[in-house]
Every structure is written in structure tokens, then in C-alpha cells.
Number of protein chains: 2
Amino acid sequence: MTHSCRTLRSFSRAVVNAHYDGRMPRRSAEDRAPSQVDVARAAGVSTQTVSRVISGHPNVRPETARRVMAAVDAVGYRWHAAAASLASGRTRTIGVILVSTARYSTSAILLGAEGAAAEAGYTVITASVPQHSGPAAFTDAFDRLERQGSEGIVVLAPVGFLAEALGSRVERTPTVGHRQSDGIGADALIDQRAIARMATEHLLDLGHRTVWHVSGDEFWQESSARRDAWEAVLLERGATPPPVIPGDWSPASGYRAGRTIAAIPDATAVFVSSDEMAFGVIRALHEARRAVPGEISVVSVDDIALAAYATPALTTVRQPFEEVGRAAAMRVIELIEQREPVSVEPLRPELVLRASTAPPKG
Amino acid sequence: MTHSCRTLRSFSRAVVNAHYDGRMPRRSAEDRAPSQVDVARAAGVSTQTVSRVISGHPNVRPETARRVMAAVDAVGYRWHAAAASLASGRTRTIGVILVSTARYSTSAILLGAEGAAAEAGYTVITASVPQHSGPAAFTDAFDRLERQGSEGIVVLAPVGFLAEALGSRVERTPTVGHRQSDGIGADALIDQRAIARMATEHLLDLGHRTVWHVSGDEFWQESSARRDAWEAVLLERGATPPPVIPGDWSPASGYRAGRTIAAIPDATAVFVSSDEMAFGVIRALHEARRAVPGEISVVSVDDIALAAYATPALTTVRQPFEEVGRAAAMRVIELIEQREPVSVEPLRPELVLRASTAPPKG
DNA sequence: ACCGGAAATGTTTGCGTTCACATTATGACG
DNA sequence: CGTCATAATGTGAACGCAAACATTTCCGGT
């Protein structure tokens with residue numbers, strides 16, 4: 001790898017390709033892969049007809065198509081995506097920006113997006129951004145995806161500064177984020193406030209006087225959205241919102257929060273912003289001999305596969321992650337193809353009742 | 001979407017593009033995006049020089065490079081990946097095939113691969129395959145990735161039939177699987193037998209007479225590799241291997257297995273093939289009033305974030321998922337660039353001692 | 001048999017880049 | 001100060017495909 005001209009650093013990072021590594025000799029005419037020209041010759045038709053058959057155009061006689069496909073097999077032809085992109089101006093590729101923290105939700109959303117994209121004939125390329133990155137990392141990732149030809153981009157990282165970080169980029173490349181309030185042209189994929197509302201109301205409905213809250217990583221917009229909604233519900237119902245106990249999505253942070261809660265004598269109900277944190281919370285409570293749900297009820301968010309196998313099994317608000325991914329991908333594709341959205345309904349979270357909540361004692 | 005010629009179904013699925021959806025008008029000369037020609041004109045150099053600057057070739061005078069980059073900014077030039085691919089014959093893209101089940105390991109490995117690829121200047125495209133798919137789904141995914149220009153492919157699905165399903169494909173496109181025994185040209189990324197060995201020996205060393213085993217989904221080669229090694233260790237140490245209790249990686253299957261184990265009076269130690277299943281096992285044991293690790297020790301595999309927050313905290317054999325992803329990506333890239341492997345060492349699993357194992361009573 | 005319109009196919013051109021090779025500038029050395 | 005090697009730049013062509021447009025074939029209605 002030879003890099004030249006460090007002085008260029010100050011210029012558009014969006015353009016420079018840093019990975020020069022020697023020339024690649026052009027293949028000689030003999031060992032070149034067969035092209036549509038070869039197929040056309042073998043089938044006795046024009047290259048255009050070959051192109052039409054390959055890309056599924058109508059108006060080709062079945063018999064001709066059959067001949068062409070036979071020729072394809074005979075010469076071992078393989079479609080060349082790059083050439084097609086160059087000629088057509090289309091790549092049928094969407095980019096996904098994800099934060100590089102391994103989590104169930106990450107893979108579920110990505111899988112959903114990939115599936116939906118594949119069904120629509122699109123390919124997904126990914127770019128990851130280190131956790132807690134600043135705006136620059138996001139613009140870099142965006143630029144990388146754009147340079148690879150993404151016709152649209154899904155940002156699976158609802159961070160507050162996204163809209164300003166991306167700036168005018170979102171005008172030339174359709175972009176979808178998690179949330180409407182990102183201001184990047186997408187409808188809300190899932191109503192985070194509804195999640196917090198369902199969780200908080202569930203605890204209040206059970207008879208708890210108030211509900212404590214372990215929040216997620218402040219880096220994520222979900223965290224503040226849920227916190228705000230939780231607070232709003234409490235005020236609405238005449239309860240006093242206790243101070244927020246900060247978390248960062250990790251089980252370890254949940255554990256720390258759990259120790260805090262265990263030390264609060266009159267705490268009887270907690271709304272924890274993720275299942276993983278809830279595991280930590282419950283373990284801390286357990287170690288402090290505070291029974292769940294006997295003394296303290298816990299409701300969380302996500303409904304990961306393990307939620308049902310916590311002790312006690314977690315009552316949680318399910319997020320349809322895969323659907324979120326599907327919806328995001330479908331929405332960008334609609335934007336790319338300038339179609340009307342099939343659905344503008346936000347996805348519905350769902351309260352899954354299990355064993356970690358109960359009415360307060362007495 | 002118009003589809004024609006169903007009769008073509010029988011021909012190479014590897015070639016046909018099913019997603020014709022009307023023509024896309026070619027953009028007129030005015031609103032066409034600026035190309036290297038425009039930059040060259042603005043900078044007063046040849047397009048070749050522009051190309052050299054953009055792609056980081058050496059042998060360009062710094063002053064010239066600066067002029068070119070200024071022109072790039074001035075005209076708003078953006079590099080066109082497809083055109084470059086066509087001209088150079090290289091796409092700098094690797095494909096990843098993954099099984100569409102959302103799991104921690106999936107995202108961790110993928111993130112690792114994406115990170116390593118990005119560092120080497122490669123882009124990652126993904127194709128998912130439904131869980132429990134037959135060979136056809138894998139070849140389809142492989143073909144999809146190839147048609148998009150993947151220069152190499154990472155298969156994150158160590159299924160037994162991979163080698164035969166992929167057939168000669170792996171000769172033209174460098175392919176890396178999880179395991180050496182895939183026979184698809186990759187070194188073992190992680191030694192599954194070592195995992196089983198560490199887990200089993202740990203329990204035996206604690207003094208247990210024998211070790212029961214809850215296996216993973218038979219679809220995955222890991223399952224049988226671990227089962228074989230577990231059995232081998234037992235025989236080696238003069239213990240009698242009890243019958244395998246089948247699981248499928250899910251917590252629910254672990255729970256079922258746990259109920260089975262709870263009914264076996266003399267079972268004192270279990271090697272569970274994944275942390276998620278271990279949660280299910282432990283819960284079933286707990287419900288059956290069988291103490292862990294008091295009566296029954298449990299050791300599992302993965303060391304997911306939640307492992308430390310199970311009750312009791314899971315003793316488990318950690319798999320370095322992200323490193324696996326990195327190694328896989330680096331290995332394909334080495335194959336693509338025909339370089340010698342930087343390292344052929346398989347990744348080392350690691351036994352993480354926590355609270356779910358103990359010596360047998362008495 | 002003739003006509004007209006649609007279906008089927010062919011011809012030409014251009015997409016934006018990099019390669020191979022050609023040429024010109026630069027600088028080290030005798 | 002001329003001579004080379006080497007660095008720096010330029011020229012022309014090719015990459016494989018689809019768009020646009022041109023042409024031919026087909027077929028139903030008269």
C-alpha cells in the first residue's frame with residue numbers, strides 16, 4: 001500500500017481513494033470472461049436482445065429467450081453489474097450505516113432490511129461507525145456508501161446530531177433514519193414514545209405510586225424519547241417523576257442501576273429501557289434481597305429471545321426489529337423510485353406480559 | 001414489475017435479473033454529474049492525471065495534486081465506482097452470506113468483517129439465507145453476491161453441505177467459511193473442538209464423573225464438531241458419554257433440554273453448546289428445584305454480554321466473534337490479492353470461569 | 001391480399017473510468 | 001554541459017452493458 005501526498009488530507013475525503021496498491025494488468029483477450037457479445041454470437045441474435053433477455057424485459061419471443069439462455073449456459077456468461085450500472089446509471093444498491101456494537105437488535109434490523117431489499121432486487125452494503133462517534137464518522141460512512149454507488153441510505157443509529165451532520169447530503173441521496181424527528185425525510189419507523197407510555201402505564205395500572213426509570217445510552221435518541229414520554233405519563237397521572245438513573249444499554253450498566261434502586265426503600269416499580277439492562281437490574285436487586293416482582297416490578301423494552309428466560313421472565317415491550325429493518329429498506333427504495341409509500345403507519349410496539357411485574361404489596 | 005418468460009426458470013438462475021421495472025431515461029448532458037473530464041478541464045490537466053490523484057497513485061507532483069483536488073471541490077466531482085470497476089476489472093467488494101437468524105454472534109462477526117474490510121479498502125455486501133435452507137439457497141446467495149461483483153465471499157454458515165453445494169464456484173471466487181473442514185479453501189477460523197474440550201475438561205477436572213451435553217442445531221457443523229470432541233474427551237478420560245440431548249441454539253430448546261436433565265437423578269454436570277440455551281437449561285433446572293451449581297454444574301459457549309448476568313453467572317467458553325469476522329474478511333482479501341496469509345493460527349477460545357460450575361457434592 | 005399497429009429484433013452510441021503506451025520534464029552524474 | 005534514468009504528464013483505447021432510435025416481423029381485420 002503506497003500512499004502519496006499527505007497534503008491532500010485537507011481536501012474532500014469524500015473523493016479520495018486511499019487504497020492504491022499497484023496496477024492490475026488488464027486481462028488479455030483470451031481469458032476475458034464471456035460477455036453479452038459472446039452470448040449474442042452463440043445465439044445468433046444481437047447483444048441488445050441478449051440484454052433484454054437477461055434483464056427480463058418484455059417483448060422477447062419465448063423461443064428467442066430460450067435460445068439466448070442456452071447460449072448463456074453454453075459460453076458460461078455472467079452478468080457484469082458494474083458495466084450495467086455504468087450504462088444505466090443505476091446500481092440498485094442501498095447502504096446501511098450501523099453502529100458497531102454487536103447486539104441482537106442490530107442483526108435483526110439488518111437482516112430485515114437485507115431481506116426486504118433483496119425482494120425488491122436491491123443489494124445492501126454496510127458501513128459501520130464506532131460507538132459514540134462524532135458527526136464526522138457518520139459523514140464519512142455516508143460518503144463511503146455514496147461512493148460505492150448507494151442510491152439510498154438507511155441510518156440505523158438514531159443519534160441527535162444526524163440531521164445536521166448529514167446536512168445537504170440527504171437531498172441528493174434518499175435517506176431514512178429511525179425516526180421522523182431526524183428530519184431526514186423518513187416517517188417514524190417505530191413510536192418510541194408509545195413504548196415508554198405502554199411500559200409506564202402498565203406499572204401505574206398495577207397500582208404503583210410512581211415508576212423509576214433506567215435510561216439507555218444518551219447517545220441514542222431513543223433514550224431521551226422514552227425518558228420524556230415516561231415523565232409525561234407520570235405527570236399526566238399525577239405521579240412525581242423520580243430522578244432518572246442513567247444506563248448505557250449494557251447489562252453492566254443495568255447492574256449498577258439496580259444497585260442504586262436497591263438502596264431506595266420506597267421504589268416499587270422500574271421501567272428499564274432495554275432487556276439487557278433489565279437482566280443487570282434484576283441481578284443487582286436479587287443480590288440485595290429485593291424480590292422481583294414481590295417488592296419491585298421491572299418492565300423493560302425489546303423482547304429479545306432471552307427475555308422469557310430471565311428469572312423472573314421479563315415483562316417487556318416488544319420492538320418488531322425485523323419489521324423495522326424491512327420498513328426502513330422499503331421506505332428508501334420507495335424514495336429512490338419516487339413511489340408513494342405503501343404504508344406510513346409507524347410500527348406498533350406490543351406489551352408482553354410475563355412475570356417481572358406485579359401489583360405493589362399491601 | 002413485469003416479468004416475462006416463465007419458461008426461462010429452468011436456465012441459470014445465476015444470470016437472470018428478475019427486476020425489470022421500466023426504463024430509466026438517460027440523463028441529459030446538462031444535469032449529468034461532473035466527471036473526471038470536468039475536473040481535468042478545471043484543473044488544466046489530463047483526465048489521467050485526475051484519475052491518478054483520485055486513486056492515490058504515486059508520481060504526481062504535490063502541486064498538481066493540489067490543483068486537481070481544488071478542481072474536484074470546485075466542480076463538485078464525485079468518484080464513480082461502477083465506471084472504475086468496469087475499467088479496472090476490480091470491485092473491491094466482498095460478499096457475506098449469513099443465515100437470517102438474529103443473534104448476537106451474527107452481528108458481532110459481521111461487524112468484525114465489515115471493519116476489517118473497510119480498513120483494507122473493501123466494501124461488504126450481504127446476502128441472507130433463511131434458517132434451515134437447503135443447498136439451493138446457498139448457491140443462490142452465492143450467485144447473487146457474485147453477480148454484484150464480489151471478488152471474494154465469506155460464508156457465515158458452517159453447514160455440512162456447503163462444500164458440495166458451492167461446488168466449483170469456490171474455484172473462481174475465493175471463499176472462506178468458518179472451518180477448515182468446509183473444504184472451501186479457508187483455514188480454521190476458530191477451533192470448535194477446542195471449545196468442547198475446554199468445557200468438558202473443566203467439568204471433569206472439577207471432579208464430575210461424566211458430563212451431559214446439550215447440542216446445538218444439527219444444521220450447523222459446530223454442533224457435531226463440539227459433540228464429537230465432547231465425546232472424545234469423555235472416552236479419553238474413561239468416562240461414559242451419556243446420550244446427547246438435542247437443542248437448536250434457542251433458549252426454548254435449552255429449556256426443554258433442562259427439563260430432561262432435571263429428570264435424570266445422577267446428572268451433575270452439563271456442557272451446553274450456547275449461552276442462550278444455557279439460560280433455558282438453568283431456568284428449567286431452577287423450576288425443578290435442582291440447584292445450579294449446587295447439584296448440577298453448567299458450562300456453555302459464547303460468552304455473550306448477558307452471560308455474566310445469568311443467575312448464576314455463566315461459566316462459559318468465550319468465542320472471539322468479532323475477531324472471527326475480522327479474520328474471515330482478512331483471509332478472503334488475502335486470497336483475492338493472492339497474498340500469503342498474515343496468520344494461519346486459529347483463534348483461541350477462552351474459558352471464562354464464573355458461578356455456574358462447582359465440584360460435585362460429597 | 002392488403003394494411004396498420006404492435007411486437008420483436010437490430011444498430012449505434014455513450015456511460016466514466018483505468019490501462020497501456022507515448023511523450024515530455026526533471027535532476028543526478030560524469 | 002550533455003546524457004541518462006526516472007518522474008511527471010498526456011493520448012488513445014477499451015471495459016461490458018443498456019438507452020435511444022431504427023428496422024423488420026408478425027398478426028388481426030378488412
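Numbered from 1 within each chain, the chains take letters A, B, ... in sequence-line order. These numbers come from a predicted model, not from an experiment.
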Reading nucleotides 7-12 of chain C from 5' to 3' and marking B where a protein heavy atom lies under 4.0 Å of the base, S where only the sugar-phosphate is that close, and - otherwise, the string is -SBBB-

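- Looking at heavy atoms from C-beta onward, His80(A) lies in side-chain contact with Leu86(B) at the 4.5 angstrom threshold.
- We find that CG of Leu86(B) is positioned 13 Å from P of dC15(C), with the value rounded to whole Å.
- Rounding to whole angstrom units, CH2 of residue Trp79(A) and C1' of dA18(D) are separated by 10 Å.
- For the pair Ser88(A) and dC17(D), the criterion of a side-chain N or O lying under 4.0 Å from OP1 or OP2 is not met.
- Within the 4.5 Å cutoff, the side chain of Ser150(B) has heavy atoms near those of the Ile125(B) side chain.
- Rounded to whole Å, atom P of dA19(D) lies 10 Å from atom CZ of Arg90(A).
- For the pair His80(A) NE2 and dG16(D) P, the computed distance is 6 Å after rounding to whole Å.
- Using a 4.0 Å cut-off, no side-chain N or O of Arg78(B) falls inside it from OP1 or OP2 of dG16(C).
- The Tyr77(A) side chain lies nearest to dC17(D) when the options are dC17(D), dT17(C), dT18(C).
- For the pair Ile54(B) CD1 and dG16(C) C1', the interatomic distance rounds to 12 Å; values are reported in whole Å.
- Legend: residues meeting side chain to side chain donor-acceptor pair (under 3.5 Å) with Ser100(B), ordered by chain and number and at least two apart, are absent.
- As judged by a 4.0 angstrom heavy-atom cut-off over every strand, Gln36(A) is placed among residues touching the sugar-phosphate backbone only.
- The interatomic distance linking Arg147(B) (CZ) with dG16(D) (C1') rounds to 15 Å, in whole Å.
- Considering only heavy atoms from C-beta on, Thr139(A) comes within 4.5 Å of Arg169(A) through its side chain.
- Within the 4.5 Å cutoff, no side-chain heavy atoms of Glu119(B) are placed close to those of Met330(B).
- Here the side chains of Thr126(B) and Val96(A) are not in contact, with every heavy-atom distance at 4.5 Å or above.
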